[in-house]
Amino acid sequence: MKKLINSPENVVKDALDGMAAAHPDLIKVSYDPDYIVRADGPISGKVGVISGGGSGHEPMHGGFVGRGMLDAACPGAVFTSPVPDQMLAATKAVNGGAGVLHIVKNYTGDVMNFEMAAELGAAEGIEVASVVTNDDVAVQDSLYTAGRRGVGVTVLLEKIVGAAAEAKAPLAEVKRIAEKVNAHGRSMGMALTSCTVPHAGKPTFELPEDEMEIGVGIHGEPGRRRVKIASAAEIAEMLTTPILEDLPFSPGDNVLAFVNGMGGTPQIELYLMYNELVKILNGRGITVARNLIGSYITSLEMAGCSITLVKLDDELTGLWDAPVLTPALRWGL
Amino acid sequence: MKKLINSPENVVKDALDGMAAAHPDLIKVSYDPDYIVRADGPISGKVGVISGGGSGHEPMHGGFVGRGMLDAACPGAVFTSPVPDQMLAATKAVNGGAGVLHIVKNYTGDVMNFEMAAELGAAEGIEVASVVTNDDVAVQDSLYTAGRRGVGVTVLLEKIVGAAAEAKAPLAEVKRIAEKVNAHGRSMGMALTSCTVPHAGKPTFELPEDEMEIGVGIHGEPGRRRVKIASAAEIAEMLTTPILEDLPFSPGDNVLAFVNGMGGTPQIELYLMYNELVKILNGRGITVARNLIGSYITSLEMAGCSITLVKLDDELTGLWDAPVLTPALRWGL
Amino acid sequence: MNITAEHVIKFVERVAATVKEQRDYLTDLDSAIGDADHGANLDRGFSAVLTKLPTVADKDIGSILKTVGTTLVSTVGGASGPLYGTAYLRAGMVMGDRFEMSADDLVAALEAALEGIIARGKAQRGEKTMVDAIGPGIDALKAARAAGEELLPALRQAVAATEVGMLATTPMLATKGRASYLGDRSIGHQDPGATSAFLMAKAMLAVIEEP
Amino acid sequence: MNITAEHVIKFVERVAATVKEQRDYLTDLDSAIGDADHGANLDRGFSAVLTKLPTVADKDIGSILKTVGTTLVSTVGGASGPLYGTAYLRAGMVMGDRFEMSADDLVAALEAALEGIIARGKAQRGEKTMVDAIGPGIDALKAARAAGEELLPALRQAVAATEVGMLATTPMLATKGRASYLGDRSIGHQDPGATSAFLMAKAMLAVIEEP
Ligand SMILES: Nc1ncnc2c1ncn2[C@@H]1O[C@H](COP(=O)(O)OP(=O)(O)O)[C@@H](O)[C@H]1O
Ligand SMILES: Nc1ncnc2c1ncn2[C@@H]1O[C@H](COP(=O)(O)OP(=O)(O)O)[C@@H](O)[C@H]1O
Ligand SMILES: [Mg+2]
Ligand SMILES: [Mg+2]
Ligand SMILES: [Mg+2]
Ligand SMILES: [Mg+2]
């Protein structure tokens, strides 16, 4: 296993120490239970926005803590949902009296742990609302299943919702906007290589030299299908078509287009994929009004990418453009 | 070969198209010869700052074009110095009448091509100065060799010098600051895996599952030595000690610490390495006054990292803190 | 024969040891249809439980099981943390301050545990989860008791049924948990959670069988 | 026998073909002690040269060589672009508007080319670069001429010496170019630039040898 780590047990703790040392102006880290909060929080009268999930997806979520985005993030063990104790402590820490929104990615573990935390928070008299992201079109949706995974939309939602909360929107309004972003967003990912979970010590899956996994999850979960490696143009088509058809997106739509690297993908390839994406969207009469290109929701060192599209209106565009100042995303400040 | 590309021949062009499509507010791309310029340039009375080099090191240099940093970047083929035609065209495009600084990494090809461009620029009446970065302590230095490679310091230098030029410092002053940053900075890198050059189609070197390359270059050039994989703490020690001893850095120094990912390194590992670096520096009485953590000077999909330290004084600290607005680095704006 | 608080302590210790021993096996199962952490998750949780156990060494069964449950909730995370945590908590609530339990108490505790799992996870049988091992195990335990079997033989039949239930997850299509994302590709792999549930059942039997 | 402008065109075409054919070989050599691009660099350059060649098809030797030189400078990049580019440019300047050259003209052109390479790259012999193949080649050519040999046998000796020079780079320690970063580890690998220089020498001989 080739990793810059001291031991599988200490990965999360050591990285948190590094983050705390790197950004004392933006964030503070608490341990046992582990969570990251804004250095300048809690802010009275502001809805606290928190998220969390397994580690290994950095910069999500810890890198998004700061002005105009998250008030706190709860990092679990690698690829493992954090525990309710973390979420409860974070909920209390960011509570400025206006309630707290939990942003939860739709994985059974995340949902159950956040549910327990919300129950505990409510028992302590904090108003807690939750939104569950489930944007991954690679997964068949149905009332009788665990439903779709939360992936790329989560990043965009945290930014947009964070801006609304920063502007002191009340909890119900923040929750409405969160649900709107989730409803208007879709994603799909692919992998060229597997990731290796530190405590597993070997690749989660084996992918022959000439094959790729289409519809892969962000935990190295196998995807929809395994196919021969194709050109960037063809891969962009394979990811974008299911996204466009699912919502569906229509000619005349304005979208926020997000090309995300899975952690082991060089930036040159992400810009190249973005180029293919723009060609496809232009061909369908869809305008890319805003974009984000980079590795923001990752899967350790997995090579591959995901594409996320969110339909924009003036409200969402304005919130996207609002200033943000976090370790991983910053503009306007 | 597992890459998100259309064909090895089109990698650079396709990625440039993607960059142009992504950041029309910040940059403009010209083709044949290829170069990237600030969308709002040339700026009258401002020294033009340009750099360039082989592609495959993204976001360097194209991602650093914009306010407060580079006026233009010239991307060569992957890992191949650009040609004088590109540098000459860029030099002319950014010339605001106050002269142009060429930031050149010390590789034989880059130096010779920039030299030819400078000669041609001078012949057209443009005042051209050059600075050559050579911060890589992995390479033995001597009067009789090609000298040290330019690596991580280049990124920091482009930011600092860009701030000086943005403040309308004259060419001689901009050049003085550039030389100062280079003189006060040192770097060293390591690789866990090789990169694969697209037109070569296979890994540049083979690294057994339990070995790593210490002192590797950013083109997959073999390093100082190949050793068994070690812990993050030991690797940090292996990279930092030669840096500290070379300048040397001394107790009481303030430094700008840069932990850089080689392209295939997940961010969690970079923060973990930063944590180890801070421990080492604190142990030696050196203060990390500023930091940069991320994949900014890469080697395609190589896994690994490099560490760069620049000794700071008030002048350099102020220039580092000055606002910057480019695709890859932005703060204060 | 009754189950004592001492038995329960030994059971928990045995589960902790088994989980550590089978950690890589559980993780391998989870690699195939999940995210390669089930072994590490349970090992982290039961290691924490072991450090807490001395504080309840001479307490009633309810206190022991509730401590296991809260510790699992607070240290495991993922899907299995809330599920197993809730299961132990609910079983502990049923047992209350008793220091001994009968075979019928065990049935009641296990039923409460399963209800807790179903309330949290909303999985029915046949969805390729731990429920598919635990459910048939409890059924067999109840059937054996109804047929007049003593604790030990009834428990043997329950463990056998748990194993059958675990093995039966292999051909199932997952519709709950992380494996559901695979659709048809989940077929042909044994469920990790059903496997850890079987390991727990085996540990219970082994403790009762001990001389 | 003299070398005509037609010979020069054929030579350039042959170099382009050889470089394309040996592209992966040159890149492999460059992988070992460089950055795996020498084959691709020269192939890109000479492919561009081929598209420019029709514009000088009936021009003098100086124009042909200068076009090759400027095209290489404008399309190759890296170390080999300015070096080979300068070499062809300088040779072209020596030949001027001639349509034929003698063996002595060839010596003068090659010497100017080598001087250009040394002026740009500042490498001495023994530093493991193309200079170590080209230098001995020119020496041999001059020696053969001094010994009264005709063009063809002199050229054969020159190519043989170029090959010896190329092979002699293997045990050398690189002190110039990218291979110098390896220090001792550069020893034991043949220099890619010396190899491409030898391929050019062979192409020259083949064109003159053609019936
Ligand atoms: N909704 C559910 N109901 C019951 N059991 C479930 C449910 N979802 C998942 N499980 C069980 O949890 C196991 C996975 O646990 P674990 O790997 O620790 O968590 P995660 O899936 O979050 O990584 C599965 O094998 C399955 O038996
Ligand atoms: N200073 C120099 N003088 C002469 N030849 C050199 C010099 N530096 C490099 N070379 C030659 O250039 C070759 C490498 O060319 P190439 O791979 O195309 O460029 P780069 O090293 O920039 O990738 C080397 O094998 C060597 O023969
Ligand atoms: Mg998990
Ligand atoms: Mg090169
Ligand atoms: Mg799991
Ligand atoms: Mg090379």
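Letters go in sequence order (proteins before strands), and every chain restarts at 1.
- Here B/Asp14 contributes atom CG and A/Asn275 contributes atom CG; the two are 6.0 Å apart, rounded to the nearest 0.5 Å.
- Of the listed residues (A/Lys13, A/Glu301, A/Met212, A/Arg330), the one with the most heavy-atom contacts under 4.5 Å to chain B is A/Arg330.
- Between the CD atom in A/Gln267 and the CE atom in B/Met19 there is a gap of 7.0 Å [rounded to 0.5 Å].
- At least one donor-acceptor pair under 3.5 Å links the side chain of B/Glu269 to the backbone N or O of A/Leu4.
- For A/Pro208, the part lying near chain B is the backbone, with the side chain staying farther off; criterion is any non-hydrogen pair under 4.5 Å.
- Between B/Lys2 and A/Thr193 the shortest side-chain heavy-atom distance falls below 4.5 Å.
- Annotation: maximal heavy-atom pairing with chain B below 4.5 Å, among A/Leu300, A/Leu325, A/Leu16, occurs at A/Leu300.
- Of all the listed residues (B/Gly63, B/Ala20, B/Ala22, B/Gly264), the one sharing the greatest number of non-hydrogen pairs under 4.5 Å with chain A is B/Ala22.
- Contact annotation for A/Val11: both backbone and side-chain heavy atoms come within less than 4.5 Å of a heavy atom of chain B.
- Taken to the nearest 0.5 Å, the CG atom of B/Leu192 stands 11.0 Å off from the CE atom of A/Met1.
- If you measure heavy-atom distances from A/Ile235 to chain B, the contacts under 4.5 Å come from the side chain alone.
- Only the side chain of A/Ile229 comes within contact range of chain B, judged by heavy atoms closer than 4.5 Å.
- Both the backbone and the side chain of A/Leu207 come within contact range of chain B, with heavy atoms under 4.5 Å apart.
- Contact tally against chain B (heavy-atom pairs below 4.5 Å) for A/Cys305, A/Pro266, A/Pro323, A/Gly332: the top residue is A/Pro266.
- For residues 291-299 of chain A, heavy-atom neighbours of chain B at less than 4.5 Å comprise A/Asn291, A/Ile293, sorted by residue number.
- For A/Ala233, the parts lying near chain B are the backbone and the side chain together; criterion is any non-hydrogen pair under 4.5 Å.
- In the model, B/Asn6 has a side-chain atom that pairs as donor or acceptor with a side-chain atom of A/Glu276 under 3.5 Å.
- When all heavy atoms of B/Ser55 and A/Ile268 are compared, the pair lying nearest together is CB-CD1, 4.4 Å.
- Minimum heavy-atom separation, B/Val278 to A/Ala21: CG2-CB, 4.5 Å.
- Contacts of B/Met273 with chain A are made by side-chain atoms alone, with heavy-atom separations under 4.5 Å and no backbone atom involved.
- Annotation: side chain of A/Pro59 is not in contact with side chain of B/Tyr271 (no heavy-atom distance under 4.5 Å).
- For the options A/His57, A/Met190, A/Glu209, heavy-atom pairs under 4.5 Å to chain B are most numerous at A/Glu209.
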